[in-house]
Number of protein chains: 2
Amino acid sequence: MSRFAASSPLVRKLSAVADLSNDEVARLEDLHRHPRTLPPGSELVAEGDRHEASMIVVEGWAYRYKVLSNGRQQVINFLLPGDIVGPFASVIDVADHSVAAITSLRIATFEPASILELFATCPRIGVLYGWAVGRDEAILSEQVVRVGRRSAFERTAHLLLELLRRLQHVNAAGVQSFELPLTQDLLADALGLSTVHVNRTLRRLRDEGLLVLSRGWVRIPDIERLQQAAEFTPDYLEQDSLPEETQAELDKL
Amino acid sequence: MSRFAASSPLVRKLSAVADLSNDEVARLEDLHRHPRTLPPGSELVAEGDRHEASMIVVEGWAYRYKVLSNGRQQVINFLLPGDIVGPFASVIDVADHSVAAITSLRIATFEPASILELFATCPRIGVLYGWAVGRDEAILSEQVVRVGRRSAFERTAHLLLELLRRLQHVNAAGVQSFELPLTQDLLADALGLSTVHVNRTLRRLRDEGLLVLSRGWVRIPDIERLQQAAEFTPDYLEQDSLPEETQAELDKL
DNA sequence: CGCTAGGTTGAATACGCTCAAAGATCGTGG
DNA sequence: CCACGATCTTTGAGCGTATTCAACCTAGCG
């Protein structure tokens with residue numbers, strides 16, 4: 001267990017990449033003043049909103065999505081504890097997507113100024129912020145590949161494996177299992193499939209013993225096997241340290 | 001025409017969002033030392049590469065992509081003049097995707113240290129860098145929606161409209177037309193379709209008078225009409241100034 | 001002139017969608 | 001505590017969009 005097991009998920013996530021000083025942890029925790037708790041279904045951001053602030057998910061799930069005509073909807077990605085919502089929101093003047101809470105959601109809003117200040121006064125945290133942004137971009141990229149070039153079967157398995165891994169990074173999942181607060185409707189919108197087909201695909205995954213689903217929980221009995229089936233490689237989610245060169249740059253400052 | 005018509009496409013792009021001082025322009029141009037020219041097909045980044053530097057596309061097209069088994073391939077996005085390749089590359093230690101040149105490519109590599117320094121000494125540029133990252137993220141999000149929830153017809157039209165708009169922002173396209181250096185194979189990999197179907201879809205777009213294609217050029221005779229057909233809204237690509245609040249924050253520094 | 005990469009077209013197939021109806025599950029109020 | 005309604009899940013049948021396979025065409029280039 002990490003020495004930050006009790007602290008915020010963002011700190012847990014970042015301390016896997018770099019050892020944080022007590023001061024750095026304090027600065028990060030500082031971003032968590034102004035927390036709120038929102039009920040399931042709340043809209044945090046609506047497409048067309050102006051000048052949103054950045055937020056950090058502390059507990060619960062949310063999702064970013066866009067709505068199209070005739071009821072079509074696409075989930076862009078899921079926001080889990082430790083995720084930063086709109087890391088550069090303060091610079092964008094109109095939101096081009098919506099964000100809604102899936103579960104009851106604990107979330108902290110922070111001022112755009114905080115980030116500017118953080119970058120200016122604590123480059124290490126600036127770099128880690130950049131790392132978080134880069135990782136989210138990697139997750140989005142994988143979402144493009146998943147939806148663009150994988151079969152329904154692979155897609156579904158792949159997403160579940162990603163979610164497991166991401167939750168594990170913030171101590172929000174077990175070794176094989178996690179709580180999945182998604183309806184098949186929402187899953188379908190994330191996977192670019194119809195609800196019916198998601199249902200059939202999940203059934204097939206269960207029938208093949210790759211998945212155990214019960215009352216909002218998923219268990220993956222044989223992760224190795226599911227990874228193979230989904231062609232899942234977790235590299236894009238894993239990083240255990242900053243590159244040496246970057247470390248060196250930082251030490252000079 | 002902008003007063004920076006002659007300068008680098010990155011400056012052109014950013015000066016649409018904020019008026020840049022001469023000093024700021026100089027700092028941005030500074031990132032363009034160490035330019036190279038690469039032939040079409042060159043790999044700039046290969047999946048698995050360690051610790052890449054960030055780059056700026058000066059001229060030409062490139063694409064980010066991932067390769068799957070049995071020859072499947074997905075283009076994550078296209079990189080056009082003024083685009084930053086891996087804005088936080090210095091913090092990520094292993095590339096999870098590849099990048100290759102489509103045309104002959106003029107590209108500038110800059111040191112990770114430059115960015116840290118820029119953030120520290122020139123917050124306005126730091127903010128604009130953040131804006132560029134945020135915009136790229138919006139483009140990626142739209143790619144997810146396109147591939148996940150749009151028909152082949154909409155998808156194709158939508159991508160072409162996006163490319164037109166993005167190119168216009170860096171003075172690399174006319175009012176209705178631009179040079180499109182993509183094979184139908186590559187287009188298919190970007191749209192998550194088969195080559196054959198891309199071909200049929202393009203034909204339909206031509207038959208309906210929505211597109212004119214000839215020898216590597218596209219013309220969109222009636223943009224309004226194609227936007228309607230594709231359900232394209234360009235908001236995510238457009239921003240003409242920084243939000244007032246952010247301006248105010250900046251002035252305080 | 002012939003090679004090669006890319007574009008075009010047809011026919012058969014398949015994967016995933018739509019429509020429809022029936023079963024679970026859960027929260028809520030009687 | 002049970003009944004009801006609402007939401008979510010499951011299953012079947014038929015359909016349609018996009019795929020695969022295969023052949024042929026075209027343009028550019030050595």
Side-chain angles (χ1 to χ4, degrees), chain A residues 39-41 61 68-75 100 102-104 146-160 179-207 211-218 229-230, chain B residues 39-41 61 68-75 100 102-104 146-160 179-207 211-218 229-230:
Chain A
W61 290 42
L68 279 69
S69 69
N70 45 329
R72 288 178 299 178
Q73 199 173 344
Q74 174 70 42
V75 172
I102 296 171
T103 63
S104 168
R146 196 156 46 208
V147 168
R149 279 290 185 232
R150 293 187 201 274
S151 68
F153 188 78
E154 294 168 323
R155 244 183 255 191
T156 309
H158 196 280
L159 176 61
L160 291 174
E179 196 175 351
L180 182 78
L182 304 179
T183 62
Q184 295 184 357
D185 262 312
L186 204 53
L187 253 179
D189 285 338
L191 296 169
L193 298 170
S194 69
T195 312
V196 173
H197 201 62
V198 165
N199 183 287
R200 292 195 221 279
T201 305
L202 287 174
R203 155 176 264 304
R204 208 185 122 202
L205 282 162
R206 274 188 302 178
D207 287 352
L211 228 57
V212 180
L213 298 171
S214 69
R215 278 175 298 119
W217 281 76
V218 195
Chain B
W61 290 40
L68 279 69
S69 68
N70 44 330
R72 287 179 298 178
Q73 199 172 341
Q74 174 70 41
V75 171
I102 296 171
T103 64
S104 169
R146 196 155 49 208
V147 168
R149 281 290 184 231
R150 294 188 201 274
S151 68
F153 189 78
E154 295 168 323
R155 243 183 257 191
T156 309
H158 195 280
L159 176 62
L160 292 174
E179 194 175 350
L180 182 77
L182 304 179
T183 62
Q184 294 185 355
D185 263 312
L186 205 51
L187 254 179
D189 285 336
L191 296 169
L193 297 170
S194 69
T195 312
V196 172
H197 201 60
V198 165
N199 183 289
R200 291 194 223 279
T201 305
L202 287 174
R203 155 173 267 304
R204 208 185 122 200
L205 283 162
R206 273 188 303 178
D207 288 351
L211 229 56
V212 180
L213 298 170
S214 69
R215 278 174 299 116
W217 282 76
V218 195

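Within every chain, numbering begins at 1; the chains are lettered A, B, ... in the order of the sequence lines, protein sequences first and strands thereafter. These numbers were taken from a predicted model, which means no experiment stands behind them.
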**Study point:** Exam field: side chain A/Arg206 to backbone A/Val212, donor-acceptor pair closer than 3.5 Å
**Key:** no

Review point. Are the side chain of A/Gln74 and the backbone of A/Ala190 linked by a donor-acceptor contact shorter than 3.5 Å?
Key: yes

Check your understanding: Checking all strands, does B/Arg206 fall into the base, sugar-phosphate, or nothing category for heavy-atom contacts under 4.0 angstrom?
Key -> sugar-phosphate

Review point. Taking only residues two or more places apart in sequence or in another chain, which ones pass side-chain hydrogen bond (donor to acceptor under 3.5 Å, both in side chains) with A/Thr103?
Key: none

Practice item. Check whether any side-chain N or O of B/Asn199 sits under 4.0 Å from OP1 or OP2 of C/dG7, and answer yes or no. Key: no

**Study point:** A/Leu187 side chain reached by A/Thr183 side chain, heavy atoms, under 4.5 Å
**Key:** no

**Study point:** Residues forming a side-chain hydrogen bond (donor to acceptor under 3.5 Å, both in side chains) with B/Ser214, sequence neighbours excluded
**Key:** none

Exercise for review: Report the distance from atom CG of B/Leu182 to atom C1' of C/dA5, rounded to the nearest whole Å.
Suggested key: 15 Å

Practice item. Under the side-chain hydrogen bond (donor to acceptor under 3.5 Å, both in side chains) rule, collect the residues that match up with B/Arg146, sequence neighbours excluded. Key: B/Gln143, B/His158, B/Glu162

Practice item. Return the set of residues passing side-chain hydrogen bond (donor to acceptor under 3.5 Å, both in side chains) with A/Gln73 (not counting sequence neighbours), or none when no residue passes. Key: none

Practice item. Using five base pairs at each end, measure the axis-to-axis angle across the helix from C/dT8-D/dA23 to C/dG30-D/dC1 and round it to 10 degrees. Key: 40°

Review point. Which nucleotide of DNA chain D is the first, and which the last, in the 5' to 3' direction, to come under 4.0 Å of a heavy atom belonging to chain A?
Key: D/dC8 to D/dA13

Exercise for review: Any pair with a residue in residues 187-204 of chain A that passes salt bridge (charged side-chain N to carboxylate O under 4.0 Å, His left out), sequence neighbours left out, goes on the list, sorted by first then second residue, please.
Suggested key: A/Asp189-B/Arg149, A/Arg203-A/Asp207, A/Arg204-A/Glu208

Are any protein N/O atoms closer than 3.5 Å to N/O atoms in nucleotides 14-18 of chain C? If there are, list each pair with its distance.
unit_1 : atom_1 : unit_2   : atom_2 : d
C/dG16 : OP1    : A/Ala152 : N      : 2.9
C/dC17 : OP1    : A/Ser194 : N      : 3.1
C/dC17 : OP2    : A/Ser194 : N      : 3.1
C/dC17 : OP2    : A/Ser194 : OG     : 2.9

Exercise for review: With side chain to side chain contact (heavy atoms under 4.5 Å, CB included) as the test, would you mind laying out the steps for B/Leu205 and B/Phe153 before giving the verdict?
Suggested key: CA-CA 8 Å; B/Leu205 283 162; B/Phe153 189 78; 3.5 Å; yes

Check your understanding: In whole angstrom, what separates B/Asp185's CG from C/dT4's P?
Key -> 18 Å

Exercise for review: Compare every heavy atom of A/Ile102 with every heavy atom of A/Pro181, then report the nearest pair and how far apart it is.
Suggested key: O-CG2, 3.2 Å

